[in-house]
2 protein chains.
Amino acid sequence: MKIDKGLLGGSTLLLLLSLLAESDRYGYEIIKELEHRSDSTFQFKEGTLYPVLHKLENNGYVRSYMAKGDAGKERKYYQITNQGKKQLVEEKKQWQIYSMAVNKVIGGDAHAFA
Amino acid sequence: MKIDKGLLGGSTLLLLLSLLAESDRYGYEIIKELEHRSDSTFQFKEGTLYPVLHKLENNGYVRSYMAKGDAGKERKYYQITNQGKKQLVEEKKQWQIYSMAVNKVIGGDAHAFA
DNA sequence: TATTATACCTAGAAGATCAAGGTATTAATA
DNA sequence: TATTAATACCTTGATCTTCTAGGTATAATA
């Protein structure tokens, strides 16, 4: 495929960077937020998410810092970097190309992304 | 995830069953057809496609038969079964749910599938 | 004749995801 | 108060998908 399914799965990277572009978030929060926003379509497992976040950090797309929330519990927050923002733009482009291609093949017509 | 990425990858199954629902096709033809229809977004490798077709056959979604094309070369044609057609309906549903969920998360709005 | 395109295949590697476990803190319940 | 559930982080090993890289053989083209 032209679309790189390698490097962090189908849309995983796109979803995570999108959320982090809005605000800093910690791992557990990301799982709950994705579940909520997608009406439970996305149910990331911790065993999936944490390694991905570590990889994102190694790749320079995000950085992390420890902080205490309202609860008093230490959390590891992730913040998107400039490099991560660039990657996000690229991922969005790829997603649009990909989803339009699928729709074209299955006959579901374009439903063009404005 | 709720969407089963297991059992034959993200949209691979959907794409193959869609093409086979239109007409019987042989492997090499499927690769070229997907490449053409998607403006080269999809470039399935033979090492990817053939094992998947064999699995589809084992699962009862397709059956195969040998036939000579115009050229005189033997080709292995795949034909969708009733079970395959049922699965295709399911896959289409899942794709719509999945792509809408992604769009919702990334803020790209619904672009609802009519 | 040699090369390219067609047409099928497999084995091994790489990568993504999950299942299943672990630890520790806080909140809710019995 | 004791126990359970929820929060919050993590890793290891297994599984599944896909790709790389090979192999074989025929037909068309240069």
Side-chain angles (χ1 to χ4, degrees), chain A residues 1-17 19 24-36 38 41-59 61-62 64-78 91 94 98, chain B residues 1-17 24-36 41-59 61-62 64-78 91 94 98:
Chain A
M1 317 247 183
K2 227 184 193 175
I3 300 292
D4 67 304
K5 285 212 171 184
L7 224 226
L8 305 178
S11 51
T12 307
L13 189 49
L14 170 62
L15 294 171
L16 298 193
L17 291 179
L19 287 190
D24 299 2
R25 285 189 162 93
Y26 55 96
Y28 198 80
E29 187 186 7
I30 291 173
I31 290 174
K32 297 300 168 192
E33 182 66 21
L34 281 176
E35 192 171 352
H36 175 249
S38 70
T41 299
F42 302 126
Q43 290 176 319
F44 276 82
K45 301 303 173 349
E46 302 187 13
T48 303
L49 185 71
Y50 288 117
V52 171
L53 284 173
H54 300 157
K55 210 166 185 179
L56 282 182
E57 193 167 16
N58 288 335
N59 290 352
Y61 295 148
V62 303
S64 67
Y65 58 92
M66 298 301 291
K68 286 180 188 171
D70 355 314
K73 258 207 104 170
E74 277 267 302
R75 290 160 178 168
K76 195 171 184 180
Y77 283 87
Y78 289 90
E91 292 290 328
Q94 296 238 322
Y98 174 80
Chain B
M1 316 246 183
K2 227 182 190 176
I3 300 292
D4 67 304
K5 285 211 170 184
L7 224 224
L8 305 178
S11 52
T12 307
L13 189 51
L14 171 62
L15 294 172
L16 298 193
L17 290 179
D24 297 3
R25 286 187 160 93
Y26 55 96
Y28 197 80
E29 187 187 8
I30 290 173
I31 290 174
K32 298 300 169 193
E33 183 67 19
L34 281 177
E35 192 171 351
H36 175 249
T41 298
F42 302 125
Q43 291 177 318
F44 277 81
K45 302 301 173 349
E46 301 187 13
T48 302
L49 186 71
Y50 288 117
V52 171
L53 284 173
H54 300 157
K55 209 167 186 178
L56 282 182
E57 194 167 16
N58 287 336
N59 289 353
Y61 296 149
V62 303
S64 67
Y65 57 91
M66 298 301 291
K68 287 180 187 173
D70 356 313
K73 254 205 109 173
E74 277 267 301
R75 291 158 177 167
K76 195 172 184 179
Y77 283 86
Y78 289 90
E91 293 290 326
Q94 296 238 323
Y98 174 81

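Throughout, a chain's letter reflects where its sequence line sits, starting with A, and its residues are numbered from 1. Note that the structure is a prediction, hence the values are computed from the model and not measured.
The distance between atom CZ of A/R25 and atom P of D/dC9, rounded to the nearest whole Å, is 13 Å. Here D/dA6 presents its P atom at 17 Å from CZ of A/R75, a figure rounded to the nearest Å. B/F44 has its CZ atom 20 Å from the C1' atom of C/dT6, to the nearest Å. What separates CG of A/L15 from P of C/dT17 is a distance of 10 Å, to the nearest Å. Atom NE2 of B/H54 and atom P of D/dT18 are 15 Å apart (whole Å). Rounded to a whole Å, the OH atom of A/Y65 is 14 Å from the P atom of D/dA8. Rounded to an integer number of Å, the gap from A/L53 CG to C/dT17 P is 12 Å. Put simply, OH on B/Y50 is 11 Å from P on C/dT10, counting in whole angstrom units.
Taking 3.5 Å as the limit, the base of D/dC10 and the side chain of A/E46 contain a donor-acceptor pair of atoms between them.
For the OP1/OP2 pair of C/dA16 and a distance below 4.0 Å, the side-chain nitrogens and oxygens of A/K45 include no atom meeting the criterion. The side chain of A/T12 places an N or O atom within less than 4.0 Å of a non-bridging phosphate oxygen (OP1 or OP2) of C/dT17.
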Set out, in order, the CA-CA distance, both residues' side-chain angles and the distance that settles side-chain contact (heavy atoms from CB on, under 4.5 Å) for B/I30 and B/L16, then state yes or no. CA-CA 8 Å; B/I30 290 173; B/L16 298 193; 3.6 Å; yes

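In this structure A/Y28 satisfies the ring pair (Phe, Tyr, Trp, His ring centres under 6.0 Å) test with no other residue, sequence neighbours excluded. The salt bridge (Lys or Arg N to Asp or Glu O under 4.0 Å) check on B/E33 picks up B/R37, with sequence neighbours excluded. In terms of the side chain to side chain contact (heavy atoms under 4.5 Å, CB included) criterion, residue partners of A/I31 (sequence neighbours excluded) are, by chain and number, A/F44, A/E46, A/L49. Residues satisfying the ring pair (Phe, Tyr, Trp, His ring centres under 6.0 Å) test with B/Y26, not counting sequence neighbours, are B/Y77.
B/S11 and A/Y98 are linked by a side-chain donor-acceptor pair at a separation below 3.5 angstrom, with hydrogens and angles left out of the test.
Looking at the side chain of A/T48, the nearest of the listed nucleotides D/dC9, D/dC19, C/dT17 is C/dT17.
When heavy atoms are screened at a 4.0 angstrom cut-off, A/G27 is found touching the sugar-phosphate backbone but no base atom.
Projected onto DNA chain C by closest heavy-atom contact, B/Y26 and B/G47 fall at different nucleotides, the more 5' of which corresponds to B/Y26.
Using a 4.0 Å cutoff on non-hydrogen atoms, no part of residues 28-35 of chain B comes near DNA chain D.
For the atom pair CZ of B/R75 and CE of B/M66, the computed distance is 10.5 Å after rounding to the nearest 0.5 Å.
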